[in-house]
2 protein chains.
Amino acid sequence: MAMAGTSTTTAEVETAAQRDRRSRIVQAALALASRGGYEDVQMREVAERSGVALGTLYRYFPSKVHLLVNAMAHDLERMSSRLQRRTIPGETATERVEWVLEKATRSLQKDPNLTEAMIRAMMAADASVAVEVAAVRSQMSGMITAAIRGDGPEGPDDAEYAGVLQDVWFARQIAWLGGRISSADVWRDIESAIRLVLREHA
Amino acid sequence: MAMAGTSTTTAEVETAAQRDRRSRIVQAALALASRGGYEDVQMREVAERSGVALGTLYRYFPSKVHLLVNAMAHDLERMSSRLQRRTIPGETATERVEWVLEKATRSLQKDPNLTEAMIRAMMAADASVAVEVAAVRSQMSGMITAAIRGDGPEGPDDAEYAGVLQDVWFARQIAWLGGRISSADVWRDIESAIRLVLREHA
DNA sequence: CGGCATACTAGAACAGGTTCTTGTTCCTGT
DNA sequence: ACAGGAACAAGAACCTGTTCTAGTATGCCG
């Protein structure tokens with residue numbers, strides 16, 4: 001009885017082959033998402049393309065939503081680390097946040113199908129995906145707060161600003177997916193929200 | 001050819017029996033949503049409970065999302081017309097908006113399963129549901145702008161404020177559904193967004 | 001009344017996400 | 001090397017939203 005734990009069980013570590021499978025799965029999902037959006041990411045085809053059995057796919061990602069939210073976190077991570085490697089241009093917080101969010105928006109909307117798949121997955125996420133969703137939000141919050149403070153000190157309300165802006169950002173993306181506003185409106189509305197939230201932040 | 005139109009075709013009018021069916025369907029959907037949320041609203045059971053064939057259900061509401069968004073619009077309409085019949089209490093725009101949104105939030109969260117079903121449907125809505133979704137948003141915007149102006153004149157930015165607040169409101173509901181924040185946090189975050197957006201509005 | 005389009009019923013059929021079953025392969029500790 | 005369990009493959013099976021089919025009922029126009 002004693003010493004229950006990490007002996008025979010997998011625990012946390014993955015073999016190289018497993019990292020490989022996981023990566024192939026994510027790549028297949030991204031490719032399919034890019035081709036036809038959320039509904040075109042079919043689990044049977046993801047499995048086939050990544051050369052794993054359907055059951056194995058479900059062992060790695062317990063649902064389609066998990067898979068896509070994971071892929072989104074992965075994408076944002078890349079973008080975020082690219083950002084950290086440079087100074088965000090702009091004199092004011094407003095300018096810097098506009099720069100960052102425009103870059104993020106543009107980068108995502110360059111591939112509308114992929115964006116649609118990711119946003120839709122974020123929206124469909126229930127409590128079982130909380131951890132993955134939190135990772136995505138944390139990435140975005142980090143980018144926004146970094147832009148707010150520029151090279152200055154952190155403000156006490158920065159996190160709150162970032163939260164509201166992120167909410168608006170997602171909501172506008174959904175409105176776009178829902179055909180209620182155009183792609184151009186997305187950016188116009190986000191920009192206006194930035195000015196509204198960050199007014200008086202010279 | 002001439003005079004195409006409302007002769008034999010159904011056009012817009014519904015017989016009493018049809019209004020009745022439609023109402024029974026919505027009621028059945030609401031009951032099921034209240035029982036177990038979005039996933040418990042199963043189209044076969046809605047059909048059975050409302051005494052119509054599955055095909056007929058789909059004639060009235062072309063998808064589960066249409067059905068639930070419609071139900072939500074119906075609900076908000078009741079709430080909105082109740083609001084219009086009284087004066088919103090509060091000295092400042094902030095107080096009045098807080099009053100209205102808290103009432104709306106509380107009213108919805110009194111039945112969490114029902115709320116979950118409706119919000120999830122709103123999020124899942126694609127372009128084909130744009131009209132119904134627009135109706136819901138318009139109801140909410142109306143309530144918020146009415147609260148902002150109180151008995152005063154309409155401000156030029158009221159619609160924008162209402163839009164941002166509504167985005168935050170929905171986003172916080174989703175965060176709650178996604179298990180990322182608690183029911184109490186929902187209200188705290190919305191309140192803080194109201195103050196942020198409406199600051200300096202005495 | 002006789003057509004005739006439309007609405008409706010009952011139920012099968014289809015589609016894609018998810019789960020389950022059976023047999024095989026890989027890894028780990030001894 | 002080997003026993004035993006975890007991971008995997010292949011595919012059937014299940015569930016629920018959606019669509020389709022065949023037959024029946026209903027209302028309407030001549």
Side-chain angles (χ1 to χ4, degrees), chain A residues 3-25 28-29 32-33 35-70 117 120-121 124-126 128-129, chain B residues 3-22 24-25 28-29 32-33 35-69 117 120-121 124-126 128-129:
Chain A
M3 206 109 307
T6 49
S7 55
T8 53
T9 49
T10 310
E12 299 296 310
V13 282
E14 276 184 341
T15 72
Q18 285 172 328
R19 261 192 307 282
D20 219 62
R21 276 195 203 93
R22 183 177 295 274
S23 167
R24 285 204 311 275
I25 292 171
L32 288 172
R35 185 185 75 184
Y38 187 80
E39 69 170 15
D40 230 40
V41 180
Q42 306 200 344
M43 298 303 265
R44 287 176 179 85
E45 192 168 358
V46 171
E48 190 180 346
R49 287 197 172 205
S50 46
V52 302
L54 191 53
T56 304
L57 170 51
Y58 274 91
R59 174 187 300 278
Y60 281 80
F61 299 96
S63 79
K64 175 171 171 172
V65 170
H66 282 82
L67 172 55
L68 286 172
V69 173
N70 250 71
R120 213 167 267 292
D126 67 359
S128 74
V129 206
Chain B
M3 206 108 311
T6 51
S7 54
T8 53
T9 49
T10 310
E12 300 296 311
V13 282
E14 277 184 342
T15 72
Q18 285 172 328
R19 260 192 309 281
D20 220 61
R21 276 195 203 93
R22 182 178 295 274
R24 284 203 312 275
I25 292 171
L32 289 173
R35 186 186 74 185
Y38 187 80
E39 70 170 13
D40 229 41
V41 181
Q42 304 201 346
M43 299 302 266
R44 286 175 179 83
E45 192 168 359
V46 171
E48 189 179 346
R49 286 196 173 206
S50 47
V52 303
L54 191 53
T56 304
L57 169 52
Y58 273 92
R59 175 188 299 277
Y60 281 80
F61 299 97
S63 79
K64 174 171 172 172
V65 170
H66 282 82
L67 172 55
L68 286 172
V69 173
R120 211 167 269 292
D126 66 359
S128 74
V129 207

- Query: Where along residues 58-69 of chain B does a heavy atom fall under 4.0 Å from DNA chain C?
  - Reply: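 Only B/R59, B/Y60 qualify.
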- Message: Just to verify, what does A/T56 make a side-chain hydrogen bond (donor to acceptor under 3.5 Å, both in side chains) with, not counting sequence neighbours?
- Response: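 Partners of A/T56 by the side-chain hydrogen bond (donor to acceptor under 3.5 Å, both in side chains) criterion come out as none, since no residue qualifies.
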- Query: Of all residues at least two apart in sequence or in a different chain, which pass the side-chain hydrogen bond (donor to acceptor under 3.5 Å, both in side chains) check with A/D126?
  - Reply: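 With neighbours one apart ignored, the set is A/S128.
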- Message: Between A/Q18 and C/dC27, is there a contact of a side-chain N or O with OP1 or OP2 at under 4.0 Å?
- Response: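 No, outside the criterion.
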- Look at the side-chain N and O atoms of A/T56 and state whether any lies under 4.0 Å from the OP1 or OP2 oxygen of D/dA9.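 A/T56 to D/dA9 OP1/OP2: side-chain N or O found under 4.0 Å.
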- A/R24: salt bridge (Lys or Arg N to Asp or Glu O under 4.0 Å) partners, not counting sequence neighbours: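 A/R24: salt bridge (Lys or Arg N to Asp or Glu O under 4.0 Å) contacts with A/D20.
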- Item | Pairs involving residues 42-59 of chain B, ordered by first then second residue, that meet salt bridge (Lys or Arg N to Asp or Glu O under 4.0 Å) (sequence neighbours left out) |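 Counting only pairs at least two positions apart or across chains, the salt bridge (Lys or Arg N to Asp or Glu O under 4.0 Å) contacts touching residues 42-59 of chain B are B/R35-B/E45, B/E45-B/R49.
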- Message: Using 0.5 Å steps for rounding, measure from the NZ atom of A/K64 to the CG atom of A/L57.
- Response: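 It comes to 11.5 Å.
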- Inter-residue atom distance B/L68.CG - B/F61.CZ, 0.5 Å rounding: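 The CG atom of B/L68 sits 9.5 Å away from the CZ atom of B/F61.
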- Note, A/M43 side chain near A/Y58 side chain (heavy atom, < 4.5 Å):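 A/M43 reaches A/Y58 side chain to side chain.
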- Message: Restricting to non-hydrogen atoms, name the atom on A/V65 and the atom on A/A125 that form the minimum distance, rounded to 0.1 Å.
- Response: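 Taking every non-hydrogen atom into account, CG1-CA, 3.9 Å.
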- Task: Please list, by residue number, the residues of residues 43-53 of chain A whose heavy atoms come closer than 4.0 Å to an atom of DNA chain D; answer none if no residue qualifies.
- Result: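 Result for residues 43-53 of chain A: A/R44, A/G51, A/V52, A/A53, sorted by number.
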